[in-house]
2 protein chains.
Amino acid sequence: MINVLLAEDQAMVREALAALLGLEEDIRVVAQVARGDEVLEAIRTSGADVALLDIEMPGQDGLAAAAELRRAVPGCRIVMLTTFGRPGYLRRAMELGADAFLVKDAPAAQLADAVRRVLRGERVIDPTLAATALSVGADPLTERERDVLRAAADGSTVSEIASRLHLSEGTVRNHLSSCIGKTHARNRADAVRIAHENGWL
Amino acid sequence: MINVLLAEDQAMVREALAALLGLEEDIRVVAQVARGDEVLEAIRTSGADVALLDIEMPGQDGLAAAAELRRAVPGCRIVMLTTFGRPGYLRRAMELGADAFLVKDAPAAQLADAVRRVLRGERVIDPTLAATALSVGADPLTERERDVLRAAADGSTVSEIASRLHLSEGTVRNHLSSCIGKTHARNRADAVRIAHENGWL
DNA sequence: TGACATCCATGACATCTGTCATGGCGCGAT
DNA sequence: ATCGCGCCATGACAGATGTCATGGATGTCA
């Protein structure tokens, strides 16, 4: 019997996935959480063999939860399950040591399949997604540039970003300019969109 | 026995929801589609009593599918099911004559419950969401302003938008300016964000 | 230690953006 | 038929934005 933890913030989706996995004879959902920062404790108390982690979650995102889990409970298998097949997500998940990376677009049968395979020591990745992730390349932004771009994502002005990050306006403009250059964007908003789509923010 | 059609583009979520509804003794999922423009035909061939429609879908969005369905098959009940509880979505769904509006954040039990209730002629809406939808108010943008703002959403420049919509640059700037004013935004990107969050785009 | 990258900052410049006043056109409502 | 409104356009202006050259302060790596 495979014991699975399910971490997904949308209750209806989470319980639906639990129902789906419940149809499998050899799989049992032993814990469900809705927040990234509840994963570790739930794994410890439930003793699950596999953690199924969504990425977009409150508290702590699924990638951070995976990193924490990898350190604290190295034996636990990690399956990332996300709506968005952003290349940067896949890359970060792999660097963190996740065992599988699934998108919710994929057929339902792949879920139980992936759970079984990671338990046998295999790694499961959508080959198409892997290809695009490799072709897109790694995040070209520096940490500071990412900070500034994130701060610009909601439509803030330069002066607002500057005061929020305790920088001068000129510095903010310089960072944004290099973000625009590195992402081959036309302007700030475009750079935000591109970085977002690639999973760099 | 209640016959349900399920329209949702993410295969894994769709099949998981089907598994969830399959646990109910009085409900049967008789059709599944992944695109909005396949809803009507599937309803006709399956003869489903209730259509469960996601909003974000390729081909045609769930709201457009609901409108089409309401006209062509007035007897069919419509339940909107969406990730995002955007006020504008709820408002448009109600104006279109949807019978229920659920968010995927809600507990799974509400899904089957809503299906049964709409079939008894009730309308099902999350009261919290209804309150915010009413407090936010209706979309203040004109059709043309919406067009321009949509065209600006991906970070396009004024000249690009102008040529795409066959307008002069000055007109584009004027429309954008009034979008910014009406949404109480700080600039274009902010206006895009606000309109998006409210479900106006 | 030197080479190098990152981060921060300044100032100057061209361009883009947002605002405003103004006016014409078409349409539906009073 | 006049009014209001949406739509399109122009021109002008201030302010925001993006680019560039330049330079100092750090920290890392060979």
Side-chain angles (χ1 to χ4, degrees), chain A residues 88 91-92 95 136-201, chain B residues 88 91-92 95 136-201:
Chain A
R91 183 178 292 269
R92 279 192 273 164
E95 286 169 359
V136 164
D139 184 352
L141 305 177
T142 67
E143 196 177 328
R144 211 55 179 149
E145 287 165 353
R146 235 184 335 268
D147 289 341
V148 173
L149 196 58
R150 231 191 309 265
D154 66 346
S156 295
T157 63
V158 168
S159 69
E160 288 168 335
I161 299 169
S163 71
R164 207 179 317 157
L165 299 185
H166 308 291
L167 294 176
S168 82
E169 301 197 4
T171 302
V172 171
R173 283 216 297 279
N174 285 339
H175 280 312
L176 286 175
S177 181
S178 81
C179 287
I180 292 167
K182 288 178 175 180
T183 56
H184 310 294
R186 290 163 297 185
N187 52 46
R188 187 186 311 196
D190 199 19
V192 167
R193 182 184 59 79
I194 291 168
H196 206 257
E197 285 175 1
N198 284 325
W200 296 335
L201 292 189
Chain B
R91 182 178 293 267
R92 278 191 275 164
E95 285 170 359
V136 164
D139 183 351
L141 305 177
T142 68
E143 196 177 326
R144 212 54 179 147
E145 286 164 355
R146 233 184 337 268
D147 288 342
V148 174
L149 196 57
R150 231 193 309 267
D154 66 346
S156 295
T157 63
V158 168
S159 70
E160 287 168 335
I161 299 168
S163 70
R164 207 180 317 159
L165 300 185
H166 308 292
L167 293 176
S168 83
E169 301 198 3
T171 301
V172 171
R173 283 216 298 277
N174 285 340
H175 280 313
L176 285 175
S177 181
S178 81
C179 288
I180 292 167
K182 287 178 175 180
T183 57
H184 310 294
R186 292 163 295 185
N187 52 46
R188 187 187 309 197
D190 200 18
V192 167
R193 183 184 58 79
I194 291 170
H196 206 258
E197 285 175 2
N198 285 326
W200 295 336
L201 293 189

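Heavy-atom basis, side chains included; hydrogens, waters and symmetry copies ignored. Quick note on labels: first sequence line is chain A, next is B, and so on, each numbered from 1.
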Does a side-chain N or O from B:Ser168 land closer than 4.0 Å to OP1 or OP2 of D:dT10, or not? yes

Does A:His175 make a side-chain N or O approach to OP1 or OP2 of C:dC8 shorter than 4.0 Å?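 True: A:His175 side-chain N/O within range (under 4.0 Å) of C:dC8 OP1/OP2.
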
Length of the line joining [X]:[atom1] and [N]:[atom2], which is rounded to integer Å:
X        : N      : atom1 : atom2 : answer
A:Arg186 : C:dC16 : CZ    : P     : 13 Å
A:Glu145 : C:dC8  : CD    : P     : 10 Å
B:Asp190 : D:dA16 : CG    : P     : 15 Å
B:Ile161 : C:dG18 : CD1   : C1'   : 13 Å
B:Leu176 : D:dG6  : CG    : P     : 17 Å
B:Arg144 : C:dC27 : CZ    : C1'   : 17 Å
B:His166 : D:dC8  : NE2   : P     : 12 Å
B:Asn174 : C:dG23 : CG    : C1'   : 12 Å

Among [options], which nucleotide has an atom closest to any side-chain atom of [X]?
X        : options               : value
B:Thr171 : D:dT19, D:dT17, D:dA9 : D:dA9
A:Arg188 : D:dG18, D:dC7, C:dC8  : D:dG18
A:Ser177 : C:dC7, C:dG18, D:dG18 : D:dG18

Taking any strand in view, what nucleotide pairs with D:dA30 in a Watson-Crick or G-U wobble way, both distances under 3.5 Å? C:dT1

Are side-chain heavy atoms of B:Trp200 and B:Leu149 found at a separation under 4.5 Å?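 In short, these two side chains do not touch, never coming nearer than 4.5 Å.
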
So B:Ile161 and B:His175, do their side chains get closer than 4.5 Å, heavy atoms only?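 A side-chain contact under 4.5 Å is absent here.
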
Would you check if the side chain of A:Arg146 reaches a backbone N or O of A:Asp139 as a donor-acceptor pair within less than 3.5 Å? no

Please tell me which of A:Glu169 and A:Lys182 maps to the more 5' nucleotide of DNA chain C, matching each residue to the nucleotide holding its nearest heavy atom.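 Result: A:Lys182.
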
Want to settle it: does B:Thr142 or A:Gly170 sit nearer the 5' end of DNA chain D, counting the closest nucleotide to each?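 That would be B:Thr142.
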
Is it the case that D:dG18 (base atoms only) and A:Arg173 (side chain only) share a donor and an acceptor within less than 3.5 Å, ignoring hydrogens and angles?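 A donor-acceptor contact between them is present.
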
Measuring from atom CD1 of B:Ile194 to atom CZ of B:Arg186, what distance do you get when rounded to the nearest 0.5 angstrom? 7.5 Å

To the nearest 0.5 angstrom, please state how far the OG atom of A:Ser177 sits from the CD atom of A:Glu145. 9.5 Å

